[in-house]
Amino acid sequence: SDSERDRLIGCVEQARSYLATLPPATIETEIRLRYDVAAGTARRVLNRFERRAEGEQTAILDHVRISPDELHVIDWKTGGGTRDRAADNWQLRLQALAGAAAFGVRRVRAELVTLERDGYDVDGVTWSRWDLGALAAATARAVVAAKSSLREAARLPLVPAHVREPRAR
């Protein structure tokens with residue numbers, strides 16, 4: 001987002017300091033992927049306004065380091081606030097699944113890097129091909145459950161019966 005980008009500009013030195021600790025790699029930034037939850041496939045999206053196909057979820061990878069045996073996904077965070085740990089973070093899980101499918105890797109190192117004006121904090125997790133398979137299955141179950149909940153909610157009346165019907169006096 002624009003506000004996150006503005007906060008990130010204020011933390012450029014911290015980001016540079018963190019990136020300097022990493023080994024050389026092929027780098028890409030701001031990659032927009034669409035992950036097909038049922039098929040376990042991903043595709044790049046060049047037009048951010050392109051509509052999602054049925055069953056797709058969007059993953060935007062802030063910073064990606066590509067090596068032959070591993071994909072390293074960095075999700076920049078700015079400012080405070082409580083967040084899920086990397087291993088439990090839904091956004092990072094989706095980025096790992098989409099990145100693994102798009103780049104054809106079997107191992108993903110995914111990190112949340114929180115940048116502050118006075119430094120940075122890193123929380124990361126490495127998922128093997130077996131972990132990614134389990135994440136894909138859990139993600140598919142979660143999407144099915146969410147869709148089911150939405151269908152159930154759609155059947156509920158917009159206004160509860162006791163509000164719609166006048167009470168007898």
Side-chain angles (χ1 to χ4, degrees), residues 1 4-5 7-8 11 15 18-19 21-116 120-154:
S1 72
E4 187 174 7
R5 190 173 303 116
R7 284 192 302 274
L8 183 58
C11 301
Y18 171 68
L19 292 173
T21 68
L22 302 175
T26 301
I27 297 169
E28 291 193 40
T29 59
E30 290 292 316
I31 302 169
R32 183 177 298 272
L33 300 173
R34 296 281 166 79
Y35 179 70
D36 185 318
V37 175
T41 58
R43 64 184 179 89
R44 282 186 185 240
V45 178
L46 300 178
N47 177 359
R48 69 183 225 164
F49 299 107
E50 178 184 324
R51 292 173 92 52
R52 285 185 298 155
E54 179 69 28
E56 286 184 327
Q57 298 293 317
T58 301
I60 301 171
L61 288 62
D62 293 343
H63 185 96
V64 176
R65 303 175 72 77
I66 307 156
S67 64
D69 58 339
E70 181 177 87
L71 185 70
H72 185 173
V73 176
I74 298 171
D75 189 36
W76 301 114
K77 298 296 180 191
T78 57
T82 305
R83 294 186 176 84
D84 292 335
R85 297 292 312 250
D88 302 321
N89 185 287
W90 167 258
Q91 180 184 10
L92 206 57
R93 287 175 171 213
L94 183 61
Q95 291 172 355
L97 289 170
F103 289 96
V105 297
R106 294 180 164 184
R107 180 180 162 98
V108 176
R109 172 75 184 158
E111 294 178 335
L112 295 172
V113 180
T114 303
L115 302 172
E116 301 287 347
Y120 61 86
D121 184 47
V122 180
D123 183 31
V125 60
T126 300
W127 286 301
S128 68
R129 69 179 182 181
W130 295 281
D131 298 327
L132 291 167
L135 282 179
T139 300
R141 286 191 303 271
V143 168
V144 167
K147 284 182 179 180
S148 176
S149 293
L150 288 172
R151 280 193 295 274
E152 287 298 316

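The distance from the NE2 atom of H72 to the CD1 atom of I66 is 12.0 Å, given to the nearest 0.5 Å. How far CZ of F103 is from CG of L71: 6.0 Å, rounded to the nearest 0.5 Å.
Applying the side chain to side chain contact (heavy atoms under 4.5 Å, CB included) criterion to N89, with sequence neighbours excluded, gives D84, Q91, L92, L112. Residues meeting the ring pair (Phe, Tyr, Trp, His ring centres under 6.0 Å) test with Y120, sequence neighbours left out: Y18. By the side chain to side chain contact (heavy atoms under 4.5 Å, CB included) test, N47 is found to be paired with F49, E50, residues two or more places apart in sequence or in another chain being considered. Residues meeting the side chain to side chain contact (heavy atoms under 4.5 Å, CB included) test with R51, sequence neighbours left out: none. Partners of D88 under the side chain to side chain donor-acceptor pair (under 3.5 Å) rule, at least two apart in sequence or in another chain, do not exist in this structure. Remark: I27 engages T29, H63, R65 in a side chain to side chain contact (heavy atoms under 4.5 Å, CB included) (not counting sequence neighbours).
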Show every donor-acceptor pair shorter than 3.5 Å between a side-chain atom in residues 35-42 and any protein atom, with sequence neighbours excluded, or say none if there are none.
from	atom 1	to	atom 2	distance (Å)
D36	OD1	A38	N	3.1
D36	OD1	A39	N	3.0

Identify every side-chain donor-acceptor pair in residues 129-137 under 3.5 Å, counting partners at least two apart or on other chains, and give the distances.
from	atom 1	to	atom 2	distance (Å)
D131	OD2	S128	N	2.9
D131	OD2	S128	OG	3.2

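For R43, the CZ atom counts as densely surrounded, since its 6.0 Å shell holds more than 12 non-hydrogen atoms of other residues, nucleotides or ligands.
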* Asked: Are K77 and L115 close enough, and set up right, to give a side-chain contact (heavy atoms from CB on, under 4.5 Å), and what steps lead you there?
  -> CA-CA 6 Å; K77 298 296 180 191; L115 302 172; over 6 Å; no
* To do: Test D121 against V113 for side-chain contact (heavy atoms from CB on, under 4.5 Å), laying out the working first.
  => CA-CA 6 Å; D121 184 47; V113 180; over 6 Å; no
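Between A86 and D123, the shortest heavy-atom contact is N-OD2, 2.7 Å. Listed here is the closest heavy atom pair of L61 and G99: CD2-CA, 4.2 Å.
Here the options are R48, R32, R34, the test is side chain to side chain donor-acceptor pair (under 3.5 Å), and the partner is T58; only R34 passes.
In terms of modelled atom types and a separation under 3.5 Å, the side chain of Q95 and the main chain of I60 share a donor-acceptor contact.
For the salt bridge (charged side-chain N to carboxylate O under 4.0 Å, His left out) condition, the pairs that include at least one residue of residues 90-115, sequence neighbours left out, are E70-R107, R109-E111.
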